[in-house]
Participant: 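Before anything else, here's the structure in question.
On a predicted model such as this, the values are computed, not experimentally measured, just so you know.
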Amino acid sequence: MALMEDITGAIVVTGATGNVGRALVRMLSEAGSPVTAVARSVTVADVPAGVRAAPADLAEPAGLRAAFAGAQALFLLVAGEDPHGVLAEAKSAGIRRVVLLSSQGAGTRPEAYRHPRLFEEAVKESGLDWTILRSGGMATNALAWAESISARREAAAPFGDVGLPFVDPDDVAAVAAAALLGDGHLSAIYTLTGPAPTSPRERAATIAAALGEPVRFTEQTEEEAHALMSRFMPLPAVEGTLAILGRPTEEEQRPSPDVERVLERAPGSFADWAARNAPAFR
């Protein structure tokens, strides 16, 4: 990986305690880059040695000034409602490159995924060097089953036999690291998926195999799933997510070549992820 010749300041990673951010912080730190880890309640206990922890909230752009100070690149989540404000603070601090983690739905279902589209347009208009990562569904979505599998060896989901190529968050982080550190990714939009579609029923069976114990799968109705998801997601996101899960387009079901194109290796499978994360389900 060719490093940017003029990166001397830190790389700011927002969402640094999340599924992608945590892995990205680790990868950048291991690559020898100075890193500032940003999350609402991040502490030095949450990050590798030598990484700066900077508690801040993307919903309050002015509060990011201290975190952005001295940085030259930014990994940005779709969070908060003011991407223009966040990017203005980034430019004022001297940041020159931004990598945005968006959603595949921003490309396939722009009306349902207006929030990610807003961030994508703001990034393109920012005047900064940019790369956009449109992630498909992530393998870590299966962690929603952690309690039920651990307690009762049960998993439930709608659309039990509809397959989607879920992506390993570590692969998303690795592509983000390549875009932040390397050349050749400017003004690129990458769609990130796993190597093959898997259905909820298949993913439950894969977790069972990783545990060495049976897991009973129950197919929810769409109405049941809608009611549960509405407890923690806004209505447009619930409807967009259920549409992808239950009525995916051909593009949404087709594995993208972009992970392999960037990393020069095949993306990890759901089975790889399940084997690595089996303790979460024990």
Participant: I want to check something: taking the side chain as every heavy atom from C-beta on, are Thr36 and Phe68 in contact at a cut-off of under 4.5 Å?
Facilitator: no
Participant: Would you mind reporting whether Ile207 and Ile149 have side-chain heavy atoms less than 4.5 Å apart?
Facilitator: yes
Participant: Any non-hydrogen side-chain atom of Glu222 less than 4.5 Å from a side-chain atom of Arg247?
Facilitator: yes
Participant: Side chains of Glu251 and Thr108: any donor to acceptor distance under 3.5 Å?
Facilitator: no
Participant: Roughly how far, to the nearest 0.5 Å, is CD1 of Ile132 from CG of Leu76?
Facilitator: 10.5 Å
Participant: So, taking the atom named CD in Glu121 and the one named NE2 in His84, what distance separates them when rounded to the nearest 0.5 Å?
Facilitator: 8.5 Å
Participant: Using modelled atom types and a 3.5 Å cut-off, is there a donor and acceptor pairing between side-chain atoms of Trp145 and backbone atoms of Glu154?
Facilitator: no
Participant: Do Val20 and Leu133 sit in the same hydrophobic cluster, where Ile, Leu, Val, Met, Phe, Trp and Tyr count as joined when their side-chain heavy atoms come under 4.5 Å apart?
Facilitator: yes
Participant: Taking the side chain as every heavy atom from C-beta outward, state whether Asp170 and Arg276 have any pair of such atoms under 4.5 Å apart.
Facilitator: yes
Participant: So does Leu28 get a backbone contact from the side chain of Ser33, meaning a donor-acceptor N/O pair under 3.5 Å?
Facilitator: no
Participant: Please check: side-chain N/O of Ser150 versus main-chain N/O of Arg282, any donor-acceptor pairing under 3.5 Å?
Facilitator: yes
Participant: Testing the basics here: between Ala93 and Ala69, what is the closest heavy-atom pair and its distance to 0.1 Å?
Facilitator: CB-N, 4.5 Å
Participant: Measuring from atom CD of Glu219 to atom CG of Asp161, what distance do you get when rounded to the nearest 0.5 angstrom?
Facilitator: 6.0 Å
Participant: Look at atom CZ of Arg216 and say whether more than 12 heavy atoms of other residues, nucleotides or ligands are closer to it than 6.0 Å.
Facilitator: no
Participant: Only one of Leu118, Leu101, Leu100 forms a side-chain contact (heavy atoms from CB on, under 4.5 Å) with Val78, so which one is it?
Facilitator: Leu100
Participant: Indicate yes or no: at least one non-hydrogen side-chain atom of Val172 is less than 4.5 angstrom from one of Asn19.
Facilitator: no
Participant: Enter the distance from His226:NE2 to Leu242:CG here, rounded to the nearest 0.5 Å.
Facilitator: 6.5 Å
Participant: Quick check: does any side chain N or O of Ser29 sit under 3.5 Å from a backbone N or O of Val25, one acting as donor and the other as acceptor?
Facilitator: no
Participant: Would a single hydrophobic cluster contain both Leu164 and Phe159, if residues Ile, Leu, Val, Met, Phe, Trp and Tyr are joined by side-chain heavy-atom contacts under 4.5 Å?
Facilitator: yes
Participant: Between Glu239 and Arg109, does any side-chain N to carboxylate O distance fall below 4.0 Å?
Facilitator: no
Participant: With rounding to the nearest 0.5 angstrom, report the OG1 to CG distance, Thr140 to Asn277.
Facilitator: 8.5 Å
Participant: Identify whether Leu64 and Leu74 are in the same connected component of the hydrophobic contact network (ILVMFWY, side-chain heavy atoms under 4.5 Å).
Facilitator: yes
Participant: So do the side chains of Asp171 and Arg265 get within less than 4.5 Å of each other, counting heavy atoms only?
Facilitator: yes
Participant: So which heavy atom on Ala157 is nearest to which on Phe217, and how close?
Facilitator: O-CZ, 3.7 Å
Participant: Counting heavy atoms not belonging to Glu264, are there more than 12 under 6.0 Å from its CD?
Facilitator: no
Participant: Could you grab the distance from atom CZ of Arg40 to atom OG1 of Thr17, nearest 0.5 Å is fine?
Facilitator: 8.5 Å
Participant: With a 6.0 Å cut-off (strictly less than), is the heavy-atom count around CZ of Arg114, excluding the residue itself, greater than 12?
Facilitator: no
Participant: If only atom types and distance count, is the side chain of Thr131 paired as donor or acceptor with the main-chain N or O of Ala179 below 3.5 Å?
Facilitator: no
Participant: Check whether Arg153 reaches the backbone of Val215 with its side chain - one donor and one acceptor, N or O, closer than 3.5 Å.
Facilitator: no
Participant: Would you mind reporting whether Leu128 and Trp130 have side-chain heavy atoms less than 4.5 Å apart?
Facilitator: no
Participant: Write down the atom of Pro165, the atom of Gln253, and the distance for their closest heavy-atom approach.
Facilitator: CD-O, 3.7 Å
Participant: I'd like to check Pro197 versus Pro255 (side-chain heavy atoms, cut-off strictly below 4.5 Å). Are they in contact?
Facilitator: yes
Participant: Within the distance-only criterion (no hydrogens, no angle test), does the side chain of Ser135 pair as donor or acceptor with the backbone N or O of Ser103 below 3.5 angstrom?
Facilitator: no
Participant: Give me the atom names and distance for the closest heavy-atom approach of Thr221 to Pro158.
Facilitator: O-CB, 4.3 Å
Participant: Using the rule that Ile, Leu, Val, Met, Phe, Trp and Tyr join whenever any side-chain heavy atoms are under 4.5 Å apart, tell me whether Met138 and Met27 fall into a single cluster.
Facilitator: no
Participant: Please answer: with hydrophobic residues joined when any side-chain heavy atoms are less than 4.5 Å apart, are Tyr113 and Leu245 in the same cluster?
Facilitator: yes
Participant: If only atom types and distance count, is the side chain of Glu60 paired as donor or acceptor with the main-chain N or O of Asp57 below 3.5 Å?
Facilitator: no
Participant: Verify the distance criterion only: is there a donor paired with an acceptor across the side chains of Arg96 and Gln72 at less than 3.5 Å?
Facilitator: yes
Participant: Using modelled atom types and a 3.5 Å cut-off, is there a donor and acceptor pairing between side-chain atoms of Ser126 and backbone atoms of Val123?
Facilitator: yes
Participant: Please report the shortest heavy-atom distance between Gly268 and Pro195, naming the atom on each side.
Facilitator: O-CD, 3.2 Å
Participant: Can you tell me if His115 uses its side chain to pair, donor with acceptor, with the backbone of Glu81 under 3.5 Å?
Facilitator: no
